[in-house]
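Predicted model, so just to flag it, every value in this text is computed and none were measured. Within every chain, numbering begins at 1; the chains are lettered A, B, ... in the order of the sequence lines, protein sequences first and strands thereafter.
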Protein chains: 2
Amino acid sequence: MSINLKKLSEELGLSQTTVSRALNGYPEVKEATRLRVQQAADKFGYRPNSRAKGLATGRAMMIGHVIPSSTQHEMVNPVFGDFVGGASEAYARYGYDMMFTRVQDDTEESAYRELLAKRAVDGVILQGPSVNDPRIHLLNELGLPFVVHGRSTGVTEGYSWVDVNNKRSFERATEFLIDLGHRRIALINGLEQMDFAQRRRDGYLSALKARGIDVDPSLMRADEMTEVFGHHQTRDMLRMEKPPTAILASSMISAIGVRRAIEEAGLTMGRDISVITHDDDLSYLKNGQDVPIFTATRSSVRKAGEIVAEMLIERIHNPGQAPLSRMLEAELVLGRSTGPAPQGK
Amino acid sequence: MSINLKKLSEELGLSQTTVSRALNGYPEVKEATRLRVQQAADKFGYRPNSRAKGLATGRAMMIGHVIPSSTQHEMVNPVFGDFVGGASEAYARYGYDMMFTRVQDDTEESAYRELLAKRAVDGVILQGPSVNDPRIHLLNELGLPFVVHGRSTGVTEGYSWVDVNNKRSFERATEFLIDLGHRRIALINGLEQMDFAQRRRDGYLSALKARGIDVDPSLMRADEMTEVFGHHQTRDMLRMEKPPTAILASSMISAIGVRRAIEEAGLTMGRDISVITHDDDLSYLKNGQDVPIFTATRSSVRKAGEIVAEMLIERIHNPGQAPLSRMLEAELVLGRSTGPAPQGK
DNA sequence: TTGAAAGCGTTACCAT
DNA sequence: ATGGTAACGCTTTCAA
């Protein structure tokens, strides 16, 4: 059996109380004692049992992330990794751990209830909110501290959120393509009920309208952002009478399918057609001659993860405080690369 | 305050003992009683407090994953998501939760010690082993149950592992390119000290040698599998006097950089050059005319995650049992697509 | 078939 | 500045 508080205190000839206090930095313990305790603890590699500590303090020091299996591909989405990477960074700073629970789609609601009932977490982060997301009401009702990454159009009650300005990002990306001379710009978007997808679409439409360009609904495709989806939609659009000359892809993963379809069609990227998408930090390309155009929001997502996590911890520490929110501008990098848009055809 | 065992038992006019037994399926409780207890529990939404339960049973019902921050980009790697997705599926089946701990690179060892000392997890999964990975000895020494995803060449002591046959996969991919007529095949590999990278390289070399093709070291590049890396190496190789006609990329992410560099160079994929990489399930492309060639190992990785998790749980339940191991063949899909390799040039 | 009570390893309150 | 002890919420042993 490993060392515990009782053994450690016996070893030191002190009470458990004093040892505990010394280790937790309580001011009333004599400095000499604290030092002695600290050294003994180090020597024996003592760490308080987290279950016991949690039971005694009532805090789990754990943040929950619930992943519906339909969003399974989300975990595969680099953006998910970026977000989680940022969040875990913040958790580590405050001594929190991060827990993932995978649930069947129809069990998501009970998953939150259980997390709370089991007292397994001190709070949760809500990822990928849909329009009118019912989970927000549920969590408010449960009184489980949470912060949403993104927003949920239609929800009227208060909630804390951190979001990237998706609308503005896609507006700018679209404007950029228009500036390059493109007129037939396709949008490969995420599932329509996802809040971010709506905002991105709004940005796209807003840019087109501002420039007086007709919106062609057949150039707007929305579904789960898989590679297959990107491929099929692009293939179909390239077979149209007037195919798009540029494609704005809502996800790095679906963009892979987009590019595959372009390859298959025998077209050359950047000459016959332009693709613009979320991407890694591509500043390394900036000085290149034939730099592809792109938006770089991945680093913004990472930062969002950090901010969401901090906000959540803040809310856990100060329960009952009014909802907070924070809007982030995406770090956009729009490079010129594709030359003028293909004419006519 | 939420419902707990005490309140529930008072509500029922039974002892905590009986209620606990009823809920945990002990045989000695009368069926009528069990039913009554079960209904009341459902009604009040009672769930045992996981900290208290863990403290009483000595089991955390939690599996740990330690992520060194240098491997941070790993989380962004789709393969990481696939693996974790598979693992969490298995965890859920057995009632385990999944915990991530992010650590500074130099703190990784103490992270495991702490996880054990705090009794925060029942076992851990070791991901991304290097050659001669010191963590294996550490975990054996600590007696913390673990299973390695991958193997570690050079480690002589026993350990449980699940691995995909990386060597054979890359051997077959290389053979396939050779069959298409390619002679100058580049390998964009992961960090040399990673065990999987060595095995992949071995497979690549083995195929070249079997066909009597000279190995050109300048066509072999190895580093962290980022997009930037894939881009830079490809750009450099394309500027060589005798550039490669095919590129075998060890990661989907670096392959994105590879393709970017090819675009920049004004080359057309599948005509001027072929790229083959790990990828999603691309069976959807099978019937296409200009199907790109590829290997599909992502589904294998997912399955590996599931198997690793099951093996770990098995080991947690039966401590002291001899190490187990399991080798998986990657589900390879090698489609013909690129036509003959570019001649001369 | 049921119950009382002793743990599990902490923290925190109340004394001293 | 230190110690005794209750409490946290559950499981499990021992009795009945």
Do B/Tyr96 and B/Asp122 touch side chain to side chain, with heavy atoms closer than 4.5 Å?
-> yes
Atom pair CZ (A/Arg93) and CD1 (A/Ile313), whose distance is rounded to the nearest 0.5 Å = 8.0 Å
Are A/Arg113 and A/Glu109 within salt-bridge range, i.e. N to O under 4.0 Å?
-> yes
Could you tell me the separation between the NZ atom of B/Lys6 and the P atom of D/dC8, rounded to a whole number of Å?
-> 7 Å
Atom CZ of B/Arg36 to atom C1' of C/dT2: distance rounded to whole Å?
-> 12 Å
Tell me, which of residues 50-57 of chain A have any heavy atom that sits under 4.0 Å from an atom in DNA chain D?
-> A/Leu55, A/Ala56
Residues within residues 13-25 of chain A bordering DNA chain C, heavy-atom distance below 4.0 Å | A/Gln16, A/Thr17, A/Ser20, A/Arg21, A/Asn24
CG of B/Asn49 to CG of A/Leu55, rounded to nearest 0.5 Å, is 6.0 Å
Whole Å only: how far is the CE atom of A/Met61 from the C1' atom of D/dC8?
-> 17 Å
A/Asn4 side chain N/O closer than 4.0 Å to the phosphate oxygens (OP1, OP2) of C/dG9?
-> yes
Calculate the interatomic distance between B/Arg59 atom CZ and C/dG7 atom P; express it in whole Å.
-> 22 Å
Start at the 5' end of DNA chain D and walk down; is the nucleotide closest to B/Tyr46 or to A/Arg34 reached first?
-> A/Arg34
Quickly work out the A/Asn49 CG to C/dG9 C1' distance and round it to whole Å.
-> 6 Å
Quickly work out the A/Lys118 NZ to D/dC10 P distance and round it to whole Å.
-> 13 Å
Inter- and intrachain pairs under salt bridge (Lys or Arg N to Asp or Glu O under 4.0 Å), touching residues 138-154 of chain B, at least two apart | B/Arg151-B/Asp163
Answer whether the closest heavy-atom distance between the side chains of A/Leu23 and A/Tyr46 falls below 4.5 Å.
-> yes
Presence of B/Tyr26 side-chain N/O under 4.0 Å of C/dT2 phosphate oxygens OP1/OP2 = no
Roughly how many Å is it from CD in A/Glu28 to C1' in C/dA15, rounded to a whole number?
-> 14 Å
Can you tell me the distance, in whole Å, between the CG atom of B/Leu5 and the P atom of D/dA7?
-> 17 Å
Does the ring center of A/Phe100 lie less than 6.0 Å from the ring center of B/Phe100?
-> yes
Answer yes or no: is there a side-chain heavy-atom contact under 4.5 Å between A/Trp161 and A/Pro129?
-> no
How long is the gap from CE on B/Met99 to CE on A/Met62, to the nearest 0.5 Å?
-> 5.0 Å
